[in-house]
Every structure is written in structure tokens, then in C-alpha cells.
Chemist: 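Before I ask anything, let me first share the structure, which is written out below as C-alpha cells.
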Amino acid sequence: MNWIAFVNLALGLLSCGNPAAASPLQARSTQLTHRPETTTVDATGGTYEDFQPGYLAGTWEVFKRGEYVTLKGTGYIRVRWEVEYWQGVGPIYEPSFDGISGTFLFVAGGGGYQMTDTPQGYPQGTGYQNFTSANEFRYSYFPDGYNPWHNMYYYLDGEVTITNHEAGGLYNVGVQAYSYDNIMSDINTAPASSGNLIKYGYSYDPAEGSCPCSA
């Protein structure tokens with residue numbers, strides 16, 4: 001690039017305005033569709049465990065292989081992930097969503113991180129590279145490349161059954177009904193230098209896009 005071209009390029013960049021407008025910390029045009037929340041989402045059956053103090057956050061705890069919860073209603077659901085690598089490592093076979101009647105959509109991811117992110121704080125062990133492993137325990141992995149968020153958000157207008165299929169790589173999922181407003185608060189929470197708020201969430205409804213998000 002010759003000198004004149006370089007100067008022209010620099011002037012062109014300056015004319016675009018403040019470069020902070022493109023920063024990940026600035027609000028974007030990404031939206032999250034607000035779908036109807038007309039009937040409380042509740043469990044109609046299952047072999048789940050009820051929440052107890054010290055458990056992963058959730059109303060219906062689907063902790064072991066074969067445990068499941070069947071939900072019915074019209075509203076949002078949070079499925080919170082915890083890979084329990086200190087109890088058992090190996091391939092992670094994620095939960096299934098079966099018996100779907102009506103509408104069931106994955107709409108957003110939040111909680112500050114995905115499982116392949118590098119932790120800023122960790123529940124068990126040292127020498128970790130992501131949220132599925134530590135040196136003392138080795139590592140678990142998703143053989144199909146799945147990479148869930150700490151909080152996975154879904155929209156239900158009908159019925160669905162969520163079943164745990166762990167084998168080798170152990171994990172827990174805590175399931176609960178959630179509101180659109182609370183989802184927006186989560187996925188718009190800014191990253192922090194401590195704890196595990198590593199990044200903003202993502203919206204997947206109506207299209208994939210990074211947050212901050214608007215209604």
C-alpha cells in the first residue's frame with residue numbers, strides 16, 4: 001500500500017465515527033422475540049428430584065441417567081448445565097427433548113459462559129482449560145461438538161419430555177420455568193473480571209446474534 005492510499009484509508013476510518021460503536025460492550029440491533037406466556041409451565045410427570053439447598057439451581061433436577069421430567073404449558077424454560085467431571089469423565093451424551101407436541105424452540109443461551117470457555121473460577125480441581133475438566137480428574141467432552149451455555153433457554157407451547165442420558169461423562173441439569181424478562185436480564189449481563197461472567201449471552205430467536213439484546 002502506498003502512502004497516499006494509507007492516508008486515504010485512515011481518513012475513511014476516522015470518518016466512520018467513534019470506533020467504540022463497534023465494541024462488544026455496546027448495544028446492538030440483536031433482538032429476542034417475546035412469545036406468549038399464557039399458561040404456567042409445570043411438570044406433569046417424571047422421575048426427577050426436587051430442589052434442595054446445595055443443589056444446582058432448578059425446580060426439577062434431572063441428575064442421573066434415565067431421569068426425566070415432562071413439562072406442559074405456554075412459556076419459557078431454563079435448563080441449567082453442570083458438567084460433573086469430578087464424579088465421572090468421558091463422552092457427554094446430552095439430554096433429549098422428546099414427546100414434543102405443539103411448539104418447542106431453543107431461544108437463548110446465557111449464564112456468562114459456554115462449556116468450552118476458560119473459567120475465571122472453578123468448582124473442583126486445578127489446571128483446568130474449560131468447564132468440563134481439571135488435571136486431577138481428566139476431562140469430559142461432547143463427541144458431537146455440542147457446546148451448551150451454562151443456561152439454555154427454551155420456549156414451550158405444548159408438551160415436552162427432557163431425559164438425562166449421561167454415560168461416562170457425568171452431568172446435571174436443573175430445569176425450571178422462567179420468564180422472558182429474567183432471560184433478558186441474564187443474556188444482557190455484562191462480563192466481569194472475576195467469577196464466571198465471561199461473556200454476554202446469545203439470542204437465537206428469531207435469528208442467531210450476540211447480545212446485548214433488545215425486546
Side-chain angles (χ1 to χ4, degrees), residues 30-51 55-83 91-116 131 142-167 169-189 200-211 213-215:
T30 300
Q31 295 183 337
L32 177 63
T33 303
H34 190 178
R35 296 179 180 273
E37 302 171 80
T38 56
T39 306
T40 301
V41 175
D42 207 350
T44 60
T47 56
Y48 56 86
E49 301 176 37
D50 293 324
F51 174 79
Y55 277 14
L56 180 69
T59 304
W60 310 289
E61 309 284 19
V62 184
F63 282 174
K64 300 180 181 67
R65 180 178 176 85
E67 289 187 344
Y68 71 95
V69 59
T70 298
L71 303 176
K72 187 175 184 179
T74 302
Y76 291 94
I77 300 165
R78 185 182 75 181
V79 177
R80 171 165 283 187
W81 269 83
E82 176 185 58
V83 176
I92 301 171
Y93 300 103
E94 59 262 26
S96 62
F97 300 88
D98 301 312
I100 298 170
S101 64
T103 300
F104 184 68
L105 302 171
F106 173 49
V107 298
Y113 63 88
Q114 289 175 272
M115 293 301 152
T116 60
F131 286 88
F142 294 91
D144 58 359
Y146 188 57
N147 186 23
W149 289 82
H150 181 41
N151 294 331
M152 301 283 282
Y153 293 108
Y154 301 86
Y155 179 75
L156 175 65
D157 182 12
E159 188 171 83
V160 65
T161 296
I162 305 171
T163 305
N164 184 316
H165 294 286
E166 67 180 8
L170 303 184
Y171 64 86
N172 300 319
V173 289
V175 182
Q176 69 182 87
Y178 224 62
S179 71
Y180 175 87
D181 289 342
N182 284 336
I183 295 172
M184 288 290 285
S185 177
D186 180 2
I187 63 180
N188 283 315
T189 299
Y200 282 107
Y202 248 67
S203 167
Y204 296 88
D205 182 22
E208 181 177 351
S210 60
C211 296
C213 299
S214 60

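Throughout, numbering of the chain's residues begins at 1 and tracks the sequence. Because only heavy atoms are used, hydrogens play no part in the values below, and waters and symmetry mates are left out as well, while side chains stay in.
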Chemist: Is there side-chain contact between P148 and F142, with heavy atoms separated by less than 4.5 Å?
Modeler: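 Yes, at least one pair of side-chain atoms sits under 4.5 Å.
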Chemist: Tell me if the aromatic rings of F106 and F97 count as close, with their centers under 6.0 Å from one another.
Modeler: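 Aromatic pair excluded; centres sit 6.0 Å or further apart.
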Chemist: Indicate whether the side chain of E67 and that of N164 have a donor and an acceptor atom separated by less than 3.5 Å.
Modeler: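 Result is no, nothing qualifies.
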Chemist: When you compare the side chain of Q114 with that of W81, does any pair of heavy atoms fall below 4.5 Å?
Modeler: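 Heavy-atom side-chain distance check fails, nothing below 4.5 Å.
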Chemist: What are the two closest non-hydrogen atoms of I187 and G110, and how far apart are they?
Modeler: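 Closest pair (atom of I187, atom of G110, distance): CG2-CA, 4.2 Å.
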Chemist: Within the side chain of T189, is there an N or O that forms a donor-acceptor pair under 3.5 Å with the backbone of S185?
Modeler: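 Confirmed, T189 side chain pairs with S185 backbone.
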Chemist: Examine distances only and state if a side-chain atom of Y76 and a backbone atom of N182 form a donor-acceptor pair shorter than 3.5 Å.
Modeler: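 Absent.
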Chemist: Check whether E159 reaches the backbone of S101 with its side chain - one donor and one acceptor, N or O, closer than 3.5 Å.
Modeler: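 Judged by distance alone, no pair lies under 3.5 Å.
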Chemist: Any donor and acceptor pair, going by atom type alone, linking the side chain of Y180 with main-chain N or O of P36 inside 3.5 Å?
Modeler: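 Pair absent, no side-chain N/O of Y180 close to backbone of P36.
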Chemist: Taking the side chain as C-beta and beyond, is there a heavy-atom pair between V175 and Y154 under 4.5 Å?
Modeler: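 No, every pair of side-chain atoms sits at 4.5 Å or beyond.
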Chemist: Side chains of L71 and W60: does their closest heavy-atom pair fall under 4.5 Å?
Modeler: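 Yes, close enough: below the 4.5 Å cut-off.
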Chemist: Hey, are the side chains of Y153 and S203 touching, using non-hydrogen atoms and a 4.5 Å cut-off?
Modeler: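 Y153 does not reach S203 side chain to side chain.
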Chemist: Let me check something: any side-chain donor-acceptor pairs from residues 44-51 under 3.5 Å, sequence neighbours excluded? List them with distances.
Modeler:
| from | atom 1 | to | atom 2 | distance (Å) |
| --- | --- | --- | --- | --- |
| T47 | OG1 | Y68 | N | 3.2 |
| E49 | OE1 | Y55 | OH | 3.4 |
| E49 | OE2 | K64 | NZ | 2.8 |

Chemist: Applying salt bridge (charged side-chain N to carboxylate O under 4.0 Å, His left out), name anything that partners R80, two or more places apart in sequence or on another chain.
Modeler: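 Result, salt bridge (charged side-chain N to carboxylate O under 4.0 Å, His left out) vs R80: none returned.
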Chemist: Within the distance-only criterion (no hydrogens, no angle test), does the side chain of N188 pair as donor or acceptor with the backbone N or O of C213 below 3.5 angstrom?
Modeler: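 A pair under 3.5 Å: yes.
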Chemist: According to side chain to side chain donor-acceptor pair (under 3.5 Å), who are the partners of T39, at least two apart in sequence or on a separate chain?
Modeler: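 For T39 there are no side chain to side chain donor-acceptor pair (under 3.5 Å) partners, ignoring immediate neighbours.
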Chemist: May I ask you to decide whether D205 forms a salt bridge with R35, counting only side-chain N to carboxylate O separations under 4.0 Å?
Modeler: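 A salt bridge links D205 with R35.
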Chemist: May I ask you to decide if the ring planes of Y204 and Y202 are parallel, tilted or perpendicular, using 30° and 60° as cut-offs?
Modeler: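 The arrangement is tilted - the two ring planes meet at 30° to 60°.
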